[in-house]
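Here's the structure we're looking at; comments come further down.
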Amino acid sequence: MNVLVIGANGKIARHLVEELKETDHHVTALIRKEEQSEELKSLGADETIVRDLEGDISDAFAGKDAAVFAAGSGGHTGPDKTTIIDLWGSRKSVEASKAHGVKRFIQVSSMNTDEPENGPEKMRHYFIAKRVADDYLEESGLDYTIVRPGMLTNDDPSGTVELKQKLNEKGEIPRADVAKVIAASLDTPGTIRKKFDLISGDQEIVAALNEL
């Protein structure tokens, strides 16, 4: 499968590129700066494409079988940048996928998007942007999977998780484990047209995905 990783220099995406180098998938890393190229290739990307999400990215989707939207403006940016990257960048990626026949689309979202008004006030613009982006993807007709992790950490991966379409409890999860879940989702048909919350737990990833 030819996989385009959007926002490939981000923390989750870098782990994902490393995960996918151990598979038969061909990975193209969409990055914003040329100087990021060599490092992404050293992590496992087969090739890189330099494009800015704030500009035209459509041609990057040509010839791809799947896209993973792992881009984000970061937790410390304001509503304007969050809207441009997390919402509008996702929407443009969905439209480019449809235009180029890319059917499989995995999106990294967040817990709290079901009820963004109940999240911390300083983060509400982020949860709202993610919610609108998720809704747009769900209505797109693509074979989507929406991964909604809890609080992200840089801890070492455990390889075990708790995931359900809706988790009542909050929790944390290492970014590396989120990447493992995304990589496994690409090869798990049961994740198509599904969205799920994700935190650390005691279940093997593939087994958890197969129970969706």
Side-chain angles (χ1 to χ4, degrees), residues 1-8 10 12-13 16 20 25 27-30 49 51-74 79 81-117 119 123-150 152 163-167 173 175 178-179 181-198 209 212:
M1 189 183 295
N2 292 324
V3 182
L4 179 67
V5 179
I6 305 153
I12 291 175
L16 176 61
L20 293 178
H25 298 305
V27 178
T28 300
L30 183 67
I49 297 178
R51 295 289 184 277
D52 192 329
L53 267 178
E54 297 185 38
D56 186 4
I57 59 172
S58 181
D59 64 327
F61 292 74
K64 305 303 185 295
D65 303 301
V68 177
F69 189 84
S73 61
K81 185 65 72 172
T82 299
T83 300
I84 291 170
I85 301 300
D86 297 76
L87 172 52
W88 201 246
S90 169
R91 178 170 175 152
K92 288 199 299 184
S93 298
V94 168
E95 290 303 309
S97 294
K98 292 166 66 175
H100 289 281
V102 182
K103 288 295 294 178
R104 190 75 171 100
F105 196 105
I106 297 180
Q107 180 152 283
V108 181
S109 184
S110 174
M111 292 181 71
N112 295 318
T113 56
D114 281 343
E115 299 176 329
E117 68 277 9
M123 292 289 290
R124 284 178 191 167
H125 67 280
Y126 172 79
F127 296 134
I128 291 170
K130 288 294 189 185
R131 169 63 184 270
V132 176
D134 291 350
D135 288 350
Y136 191 81
L137 174 57
E138 286 187 80
E139 296 168 1
S140 68
L142 298 178
D143 290 339
Y144 69 84
T145 302
I146 298 171
V147 182
R148 306 192 302 187
L152 299 168
L163 64 86
K164 292 182 180 178
Q165 293 189 40
K166 177 64 177 176
L167 288 173
I173 185 165
R175 289 176 171 87
V178 177
V181 169
I182 296 169
S185 294
L186 280 169
D187 298 313
T188 307
T191 64
I192 292 175
R193 306 267 173 125
K194 298 286 179 62
K195 61 181 177 181
F196 53 84
D197 293 345
L198 173 67
L209 290 173
L212 279 173

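Computation of the quantities below employed the complete heavy-atom set of this structure, encompassing side-chain atoms and omitting hydrogens, waters and symmetry-equivalent molecules. For clarity, every value in this text was computed on a predicted model and none was experimentally measured.
Taking CZ from Phe69 and CG from Leu137, the interatomic distance works out to 10.5 Å, rounded to the nearest 0.5 Å. Distance CD1/Ile84 to CD/Glu54: 5.0 Å, rounded to 0.5 Å. Atom-to-atom distance recorded for Leu212:CG and Arg193:CZ is 15.5 Å, nearest 0.5 angstrom. Of the inter-residue distances, the one linking Asp65 atom CG with Leu4 atom CG reads 11.0 Å to the nearest 0.5 angstrom. The CG atom of Leu87 sits 10.5 Å away from atom CG of Asp135, with the distance rounded to the nearest 0.5 Å. Atoms CG and CD1, from Asp59 and Ile49 in turn, are 6.5 Å apart once rounded to the nearest 0.5 Å.
When every heavy atom of Ser109 is checked against every heavy atom of Arg148, the shortest pair comes out as CB-CG, 3.9 Å. Pairing each heavy atom of Leu167 with each of Leu198, the nearest pair is CD1-N, 4.0 Å. Minimum heavy-atom separation, Leu186 to His25: CB-NE2, 4.3 Å. What you find for Ser110 and Phe127 is that their closest heavy atoms are OG-CE2, 3.5 Å. The two residues Leu53 and Ala71 have their closest heavy-atom pair at CD1-CB, 3.4 Å. Nearest heavy-atom pair, Gly7 versus Ala13, reported as atom, atom and distance to 0.1 Å: O-CB, 3.3 Å.
Partners of Ser97 by side chain to side chain donor-acceptor pair (under 3.5 Å), not counting sequence neighbours: none found. Legend: residues meeting salt bridge (Lys or Arg N to Asp or Glu O under 4.0 Å) with Lys92, ordered by chain and number and at least two apart, are absent. Listed by chain and residue number, nothing satisfies the salt bridge (Lys or Arg N to Asp or Glu O under 4.0 Å) test with Arg91 (two or more places apart in sequence, or in another chain).
A heavy-atom distance below 4.5 Å is found between the side chains of Ser93 and Phe105. Contact annotation: the side chain of Ile6 never approaches that of Val68 to less than 4.5 Å [non-hydrogen atoms, C-beta and beyond]. Residues Val5 and Leu30 form no side-chain contact, since every pair of their non-hydrogen atoms from C-beta on lies 4.5 Å or further apart. Side-chain contact between Ile106 and Ile146 is absent, with no heavy-atom pair separated by less than 4.5 Å. In this structure, Tyr136 and Glu95 have side chains that are in contact, with non-hydrogen atoms separated by less than 4.5 Å. Residues Tyr126 and Asn112 have side chains not in contact (no heavy-atom distance under 4.5 Å, counting atoms from C-beta outward). Residues Gln107 and Val147 have side chains not in contact (no heavy-atom distance under 4.5 Å, counting atoms from C-beta outward). Using a 4.5 Å heavy-atom threshold, the side chains of Gln165 and Lys194 count as touching.
A salt bridge links Lys130 with Asp86; the closest basic N to acidic carboxylate O contact falls under 4.0 Å. Under 4.0 Å is where a charged nitrogen must lie from a carboxylate oxygen, and between Lys164 and Asp197 no such pair does.
Side-chain atoms of Lys64 come within 3.5 Å of backbone atoms of Ala60 as a donor-acceptor pair (strictly under, hydrogens ignored). Checking side-chain atoms of Ser140 against main-chain N and O of Leu142 turns up a donor-acceptor pair under 3.5 Å. When atom types are taken as modelled, the side chain of Arg104 and the backbone of Ala67 share no donor-acceptor pair closer than 3.5 angstrom.
Side chains of Glu139 and Tyr144: no donor on one and acceptor on the other come within 3.5 Å. For the 3.5 Å distance criterion, the side chains of Ser58 and Arg51 fail to qualify, holding no donor opposite an acceptor. For the 3.5 Å distance criterion, the side chains of Ser185 and Thr145 fail to qualify, holding no donor opposite an acceptor.
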- Check the pair Lys166, Asp114 against salt bridge (Lys or Arg N to Asp or Glu O under 4.0 Å), reporting the backbone distance first and the verdict last. CA-CA 9 Å; Lys166 177 64 177 176; Asp114 281 343; 3.5 Å; yes
